[in-house]
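In what follows, every heavy atom counts, from backbone to side chain, and hydrogens, waters and symmetry copies are set aside.
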Amino acid sequence: MNRTNGKIAEQSKQKIAQALLSVMGQYSYREITITQLAQEAGLSRKTFYRLFDSKEDVLSLVFENLYRECLARFRVLNIQRYWDAVQCYFDFWEERKALLMLFGKSDLLPVLFDGAYKYSFSIFELVRSTKIASSYSEQLPYLLAYSVGGMHSMLLRWVENDMSVPSEVLIGMLKKGFSSPDI
């Protein structure tokens, strides 16, 4: 493949992903058409269909970009403990409140779970180690599904409440609740 064409194709994909977010500011995700996305991105429908099969593929790219960015933050911060990982995750989303609200408006928040679960393996290896991940390979899918499921449910509840509690306070409440002998 020609590197220039590959680079141009990637730039076009990102333009369409940004176009989706822009158009979602005005329309529900379900109402958005391929024509709207192509026009907003300044590209043709033909280009859209060369790069994507559907708008669901564009949404997947948007989520993929977000989770890569979140994973990069874990790397930069060199997170080593569970509660620091939870805090990092919620801080990441708190900084993207408008985006979460946009997803919530279109009932797309449940779709975030798939990406969170997929990337949880990489985050676990980063926080713990590949060796530990390998030694728990049988249990890890269940442990991560449990942990990520709880975090995602908490994220959904937080968004439902307009994210009015700062992430630091939210995680502090969670830690306190889990350490309480009464709960």
Side-chain angles (χ1 to χ4, degrees), residues 1-77 79 85-123 148-149 151-171:
M1 175 189 277
N2 182 324
R3 286 181 192 250
T4 305
N5 288 343
K7 188 181 276 190
I8 291 169
E10 186 55 37
Q11 289 171 345
S12 296
K13 281 183 172 184
Q14 295 305 326
K15 280 183 182 179
I16 293 169
Q18 286 303 313
L20 175 63
L21 296 176
S22 178
V23 174
M24 281 177 64
Q26 300 164 14
Y27 300 94
S28 166
Y29 173 76
R30 285 169 189 74
E31 297 172 325
I32 296 171
T33 66
I34 302 304
T35 300
Q36 286 175 303
L37 293 178
Q39 286 175 346
E40 182 70 24
L43 301 167
S44 68
R45 281 177 54 91
K46 183 177 176 180
T47 299
F48 179 93
Y49 282 113
R50 265 189 299 190
L51 301 170
F52 297 102
D53 290 330
S54 66
K55 72 178 180 184
E56 287 74 22
D57 290 346
V58 180
L59 183 64
S60 293
L61 176 63
V62 167
F63 287 159
E64 186 78 17
N65 288 342
L66 286 165
Y67 278 110
R68 279 193 212 133
E69 193 178 334
C70 187
L71 182 61
R73 169 151 326 159
F74 274 81
R75 284 191 179 107
V76 166
L77 295 176
I79 303 294
V86 173
Q87 186 68 60
C88 182
Y89 181 76
F90 279 87
D91 288 348
F92 177 83
W93 287 114
E94 185 172 42
E95 292 167 11
R96 288 150 186 83
K97 178 180 179 175
L99 195 53
L100 281 179
M101 295 302 175
L102 195 61
F103 293 151
K105 187 179 94 176
S106 286
D107 296 321
L108 296 173
L109 289 173
V111 182
L112 278 175
F113 175 79
D114 293 334
Y117 178 71
K118 176 183 167 188
Y119 275 92
S120 67
F121 290 88
S122 297
I123 290 171
V148 172
M151 285 177 27
H152 188 70
S153 292
M154 198 168 119
L155 182 73
L156 293 176
R157 178 73 54 204
W158 193 37
V159 171
E160 285 171 9
N161 291 311
D162 200 35
M163 297 171 72
S164 57
V165 177
S167 64
E168 196 170 310
V169 173
L170 184 70
I171 303 310

Rounded to the nearest 0.5 Å, what's the gap from [atom1] on [X] to [atom2] on [Y]? Could you check?
{"X": "Glu64", "Y": "Leu59", "atom1": "CD", "atom2": "CG", "value": "11.5 Å"}
{"X": "Ser22", "Y": "Ile16", "atom1": "OG", "atom2": "CD1", "value": "13.5 Å"}
{"X": "Phe90", "Y": "Trp158", "atom1": "CZ", "atom2": "CH2", "value": "6.5 Å"}
{"X": "Arg157", "Y": "Leu170", "atom1": "CZ", "atom2": "CG", "value": "12.0 Å"}
{"X": "Tyr29", "Y": "Lys105", "atom1": "OH", "atom2": "NZ", "value": "14.5 Å"}
{"X": "Leu71", "Y": "Ser120", "atom1": "CG", "atom2": "OG", "value": "10.5 Å"}

Practice prompt. Only pairs at least two apart or in different chains count here, so list each ring pair (Phe, Tyr, Trp, His ring centres under 6.0 Å) that has a residue in residues 8-27.
Written response: none

Got a list of side-chain donor-acceptor pairs under 3.5 Å for residues 107-117, not counting sequence neighbours?
{"residue": "Tyr117", "atom": "OH", "partner": "Pro141", "partner atom": "O", "Å": "3.2"}

Worksheet item: Is it true that Glu69 and Arg96 have a side-chain N and a carboxylate O under 4.0 angstrom from each other?
Response: yes

Worksheet item: Between Glu10 and Lys7, does at least one N-O distance fall below 4.0 Å, as a salt bridge requires?
Response: no

Minimum side-chain heavy-atom gap [X]-[Y] below 4.5 Å:
{"X": "Leu51", "Y": "Asp57", "value": "no"}
{"X": "Lys97", "Y": "Asp162", "value": "yes"}
{"X": "Met151", "Y": "Val148", "value": "no"}
{"X": "Gln18", "Y": "Gln14", "value": "no"}
{"X": "Phe52", "Y": "Leu37", "value": "no"}
{"X": "Ile79", "Y": "Gln87", "value": "no"}
{"X": "Phe48", "Y": "Ser44", "value": "no"}
{"X": "Leu99", "Y": "Leu66", "value": "yes"}

Atom of [X], atom of [Y] and distance for their closest heavy-atom approach:
{"X": "Met163", "Y": "Val159", "result": "CG-CA, 3.9 Å"}
{"X": "Ser106", "Y": "Arg30", "result": "O-NH1, 2.9 Å"}
{"X": "Ile34", "Y": "Ser54", "result": "CD1-C, 4.4 Å"}
{"X": "Lys55", "Y": "Ile32", "result": "NZ-O, 2.8 Å"}

Worksheet item: Using the benzene-type ring in the case of Trp, are the ring centres of Phe103 and Phe63 under 6.0 Å apart?
Response: yes

Worksheet item: Between the main-chain N or O of Thr33 and the side-chain N or O of Gln36, is there a donor-acceptor pair closer than 3.5 Å?
Response: yes

Worksheet item: Can you check whether Leu43's main-chain N or O pairs, donor with acceptor, with Thr47's side chain at less than 3.5 Å?
Response: no

Worksheet item: For Ile171 and Asp91, what are the C-alpha separation, side-chain angles and deciding distance, and is it a side chain to side chain contact (heavy atoms under 4.5 Å, CB included)?
Response: CA-CA 10 Å; Ile171 303 310; Asp91 288 348; over 6 Å; no

Worksheet item: Would you say Glu168 has more than 12 foreign heavy atoms packed within less than 6.0 Å of its CD?
Response: no

Fill in: Modelled atom types, side-chain donor and acceptor of Arg45 and Thr35, under 3.5 Å
yes

Worksheet item: Is the Tyr67 ring parallel, tilted or perpendicular to the Tyr89 ring (thresholds 30°, 60°)?
Response: parallel

Item to complete: Kindly determine whether Glu95 and Arg73 satisfy salt bridge (charged side-chain N to carboxylate O under 4.0 Å, His left out), including the steps that lead there.
Response: CA-CA 12 Å; Glu95 292 167 11; Arg73 169 151 326 159; 2.5 Å; yes

